[in-house]
Novice: 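Here it is, the structure, as structure tokens.
Numbers restart at 1 for each chain; the letters A, B, ... are given by sequence-line order, proteins then strands. No hydrogens, no waters, no symmetry mates; every other heavy atom, side chains included, goes into these values.
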Amino acid sequence: MSFFLVRVYVSICVSDLERERKRERESTRLAYQGRPARLRPPLYIQSDVPSYSRGRAVQSRSCGIEVDTADQNRHTLTIMASLTLKETLVRLRDGRLNARELCERCLARANKLSSLNMYISRTERGARQQAERADQCLHKSGQEAKKALEGIPVAFKDNLCTRDAPTTCASRMLLDYRPPYDATMVSRMLDSGAVLVGKTNLDEFAMGSGSTDSIVGPVKNPWTLLFQKTPHRYRFRANQSGCCQLETSPKLSEDEVKVRRRGLHTSASRLSQSSTVLEPADQSGSGLQRLSFEDDSDWLVTGGSSGGSAAAVASGTALVAFGSDTGGSTRNPASYCGVVGLKPTYGLLSRHGLIPLVNSMDVPGIVTKTVEDAAIVLNTVAGHDVQDSTTVTDPYQPVQLDDRFSLEGVHIGIPKEYHAPGTSQQVLDAWRKAADMLERGGAKVTEVSLPHTQHSITCYHVLCCCEVASNMARYDGIEFGHRAKCEESTEELFAATRHEGFNDVVRGRILAGNFFLLRRNYERFFLKAQKVRRLISEDFRRVYESGVDILLTPTTLTDTPTHSWFASEDSRTRSEQQDVFTQPVNMAGVPAITVPAALSLRGLPIGLQFIGQHFQEQKVLSVAHWFENNTDFMPLNLDFLDLP
Amino acid sequence: MFSRFSVLRCLHKFCIANRCISSKIPDKPTWTPVDTSKLPQVEEISRDLVEHLERQSLVEFSNEEGLKRLSDAIQSANKLYMVDTEGVEPLDSVLEDRALYLRKDEVNEGNCRDDILSNASKTEEEYFVAPPGNIPLKQAEKEYKEKLK
């Protein structure tokens with residue numbers, strides 16, 4: 001009797017599961033057909049609004065603003081900065097937007113947010129000239145093909161060489177260095193019509209995971225602005241439905257703009273209540289603190305080392321930014337700033353002009369608001385470069401993203417070793433929900449194993465120090481860079497220059513690297529680390545050969561940390577914690593993308609990482625795009641700064 | 001019979017809703033704890049080692065924190081001993097199975113002397129300027145070296 005019941009139960013389970021999956025697949029498919037609640041309908045400016053909703057702009061996921069106003073000009077400019085790259089391209093081409101105005105809006109926003117320290121240098125004059133040229137090209141009538149990124153504001157991390165701006169690597173060593181050439185990434189973007197707005201801040205020589213070790217000071221996460229006690233007229237109030245409502249002060253008249261953000265940061269509603277929030281290190285529940293910044297003594301870190309690039313995109317001062325990714329330096333800050341960070345396959349993007357950290361792992365990274373934007377930029381810059389011998393000569397197939405993409409037949413692996421000690425419960429919940437959502441969407445989701453994951457961070461640390469010791473040997477003060485006032489001998493000059501030019505972190509890595517490369521240690525450390533690297537790379541190869549298409553993992557251990565927590569340990573310890581999920585990808589050279597997935601209880605972004613096979617960016621970006629379309633994550637929107 | 005069915009259906013819905021029977025994410029961390037007693041001892045940092053590394057790197061440790069940074073780095077790197085790499089070849093580059101692209105041996109750029117000299121702090125006519133060479137580095141007596149053996 002009991003056996004019969006078990007059989008009946010199992011058959012009920014199976015049929016119910018099938019019915020549930022079919023129902024959810026249907027609702028997902030319907031969502032693609034333009035239901036306004038889920039998808040992102042294009043943002044209409046006043047004159048484009050259909051008659052049934054005259055006077056109100058339709059909500060766009062990218063912007064999240066509904067505007068009840070008769071003042072078209074003001075709200076046009078207001079929403080401009082928070083459009084995605086794709087939406088901006090459409091509007092630039094059909095004349096609804098002007099490249100010069102867009103450039104001015106981004107430069108003004110960068111000026112207003114200068115306290116966040118996102119930029120080391122801003123190229124305002126050059127940007128305006130490029131924007132003028134872009135406008136002339138856009139307004140030219142005729143059938144000639146428009147450039148792919150005409151008029152789009154772009155920012156580059158300050159370790160990518162630019163002819164028009166100093167390239168400092170946030171170090172005293174290169175403070176006055178003006179490269180005589182553009183990096184290939186820079187020249188390809190500028191040739192496509194992009195407008196260079198500035199060079200972003202980073203950890204010195206890209207060594208670090210918080211963008212806190214820079215000669216010009218640390219980068220502050222723009223999300224900090226949501227938690228600051230500001231004298232600004234606008235403040236947030238959470239209403240009972242869990243939405244955030246932006247209130248204007250009583251001084252403004254009724255005709256003034258009332259901006260309402262719907263569905264933004266639903267977790268942020270808890271901030272106004274007396275709920276407790278956890279610091280990242282404190283999972284036990286003791287010492288609970290509410291997240292609020294009284295003054296400038298504490299803030300949220302951007303993550304690193306491309307913190308300035310991620311902050312620039314998140315704050316709306318650029319529509320795309322380039323970073324570099326050696327151990328997660330693009331994906332980590334992208335996750336903490338709630339934007340998309342893509343690290344393509346090693347060998348796809350040219351490293352010519354990227355001041356090297358670890359030659360065998362460095363890849364230029366792309367930071368954008370959405371996955372589709374990342375695909376557009378990747379298609380513009382990818383491909384063989386004669387000046388970088390580590391780029392592959394295979395012809396590049398542009399990535400095409402389709403909103404009708406289906407997860408049927410996609411096999412997603414969940415590597416069990418990516419539940420590392422210290423992973424916060426909220427990150428695990430987001431990871432779990434994402435896996436379930438992908439399974440309901442039709443993918444096959446299974447647990448897989450990458451057994452050498454936990455040794456990856458140690459291996460990375462050794463290889464990084466060794467390659468750094470070699471790469472930093474070029475800084476001697478003779479041909480370029482800082483030169484000490486010491487003329488006794490070349491060795492004295494070199495030593496004094498390097499002592500004055502490098503900070504503790506850089507010097508520490510050079511010394512450790514030279515220790516590991518001593519003859520007596522070479523085999524014990526350097527060759528051993530290279531062997532472990534092969535084991536890690538083989539782990540990925542084995543998993544992919546077993547039929548897995550994509551791996552889904554968290555990007556970071558926790559949500560965005562505060563600076564006070566981050567600075568309580570040294571740089572090496574923090575790098576070991578922050579890079580734990582991201583740097584195995586660099587070991588193997590496979591592509592990975594981080595997509596913002598959820599908000600933590602503190603209202604801070606949590607990102608999830610999709611890892612693919614070599615040169616399979618099409619598949620990775622397609623799955624990431626599907627995932628993005630099916631989550632409700634609203635990116636940071638600082639358009640209230642532009643309102644009077 | 002009917003009540004058993006309904007109980008089973010409720011249980012099934014509860015399980016599916018909470019994913020307690022089908023979640024792929026492990027509940028607990030899966031890393032193997034590191035047995036530090038099995039790892040090799042961090043060698044003591046001697047004065048000779050410090051001076052040798054400073055000569056090789058042409059950077060200084062500066063203070064005791066610098067020395068501690070090195071010993072922490074060695075301690076962390078020692079965890080590699082936990083991995084069995086018997087019979088494994090070192091990996092230099094992830095593109096090792098591809099042939100390096102070789103372009104034709106033709107001059108296609110150059111004549112940019114001014115660009116190359118533009119960033120040097122000191123030049124004379126068309127030359128970089130360097131102090132005399134072949135003089136070994138003078139290693140100054142510093143406080144952090146005095147305590148070392």
Novice: Which answer fits Asp92(B), side chain, backbone, both or neither, if we ask what part of it has an atom under 4.5 Å from a heavy atom of chain A?
Specialist: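 For Asp92(B), heavy atoms of backbone and side chain both lie under 4.5 Å from chain A.
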
Novice: Which atoms of Leu95(B) are under 4.5 Å from chain A, going by heavy atoms: the side chain, the backbone, both sets, or neither?
Specialist: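 It is the side chain, since no backbone atom gets that close.
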
Novice: For Leu137(B), which atoms come within 4.5 Å of any heavy atom of chain A: side chain, backbone, both, or neither?
Specialist: both

Novice: Tell me, for Leu117(B) versus chain A, whether the close heavy atoms (under 4.5 Å) come from the side chain, the backbone, both or neither.
Specialist: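 Contact with chain A is absent: no heavy atom of Leu117(B) under 4.5 Å.
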
Novice: Between Glu86(B) and chain A, which part of the residue has a heavy atom less than 4.5 Å away: side chain, backbone, both or neither?
Specialist: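 When you check distances to chain A, no heavy atom of Glu86(B) falls under 4.5 Å.
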
Novice: Looking at Leu102(B), Val129(B), Thr123(B), which makes the most heavy-atom pairs under 4.5 Å with chain A?
Specialist: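 Highest number of pairs under 4.5 Å: Val129(B).
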
Novice: Using a 4.5 angstrom heavy-atom cutoff, name the option from Arg507(A), Arg572(A), Glu488(A), Glu538(A) with the most pairs to chain B.
Specialist: Arg572(A)

Novice: Would you mind checking which part of Leu80(B) comes under 4.5 Å of any heavy atom in chain A, side chain (CB onward), backbone (N, CA, C, O), both or neither?
Specialist: both

Novice: Non-hydrogen atoms of chain A under 4.5 Å away: do they reach the side chain of Asn63(B), the backbone, both or neither?
Specialist: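 For Asn63(B), no heavy atom lies under 4.5 Å from chain A.
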
Novice: Please state whether the side chain, the backbone, both or neither of Glu43(B) comes within less than 4.5 Å of a heavy atom of chain A.
Specialist: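 Side chain only.
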
Novice: Mind running side-chain contact (heavy atoms from CB on, under 4.5 Å) on Asp394(A) and Arg98(B) for me, showing each step along the way?
Specialist: CA-CA 11 Å; Asp394(A) 305 346; Arg98(B) 289 171 182 263; 3.0 Å; yes

Novice: Determine yes or no for a side-chain-to-main-chain donor-acceptor pair under 3.5 angstrom, with Gln454(A) supplying the side chain and Thr32(B) the backbone.
Specialist: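 Checked: pair present.
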
Novice: Salt bridge (charged side-chain N to carboxylate O under 4.0 Å, His left out) between Arg69(B) and Asp570(A): does it pass, once the steps are laid out?
Specialist: CA-CA 9 Å; Arg69(B) 228 175 271 128; Asp570(A) 64 287; over 6 Å; no

Novice: With respect to chain A, which residue among Val34(B), Asn134(B), Leu53(B) yields the maximal number of heavy-atom pairs within a distance under 4.5 Å?
Specialist: Leu53(B)

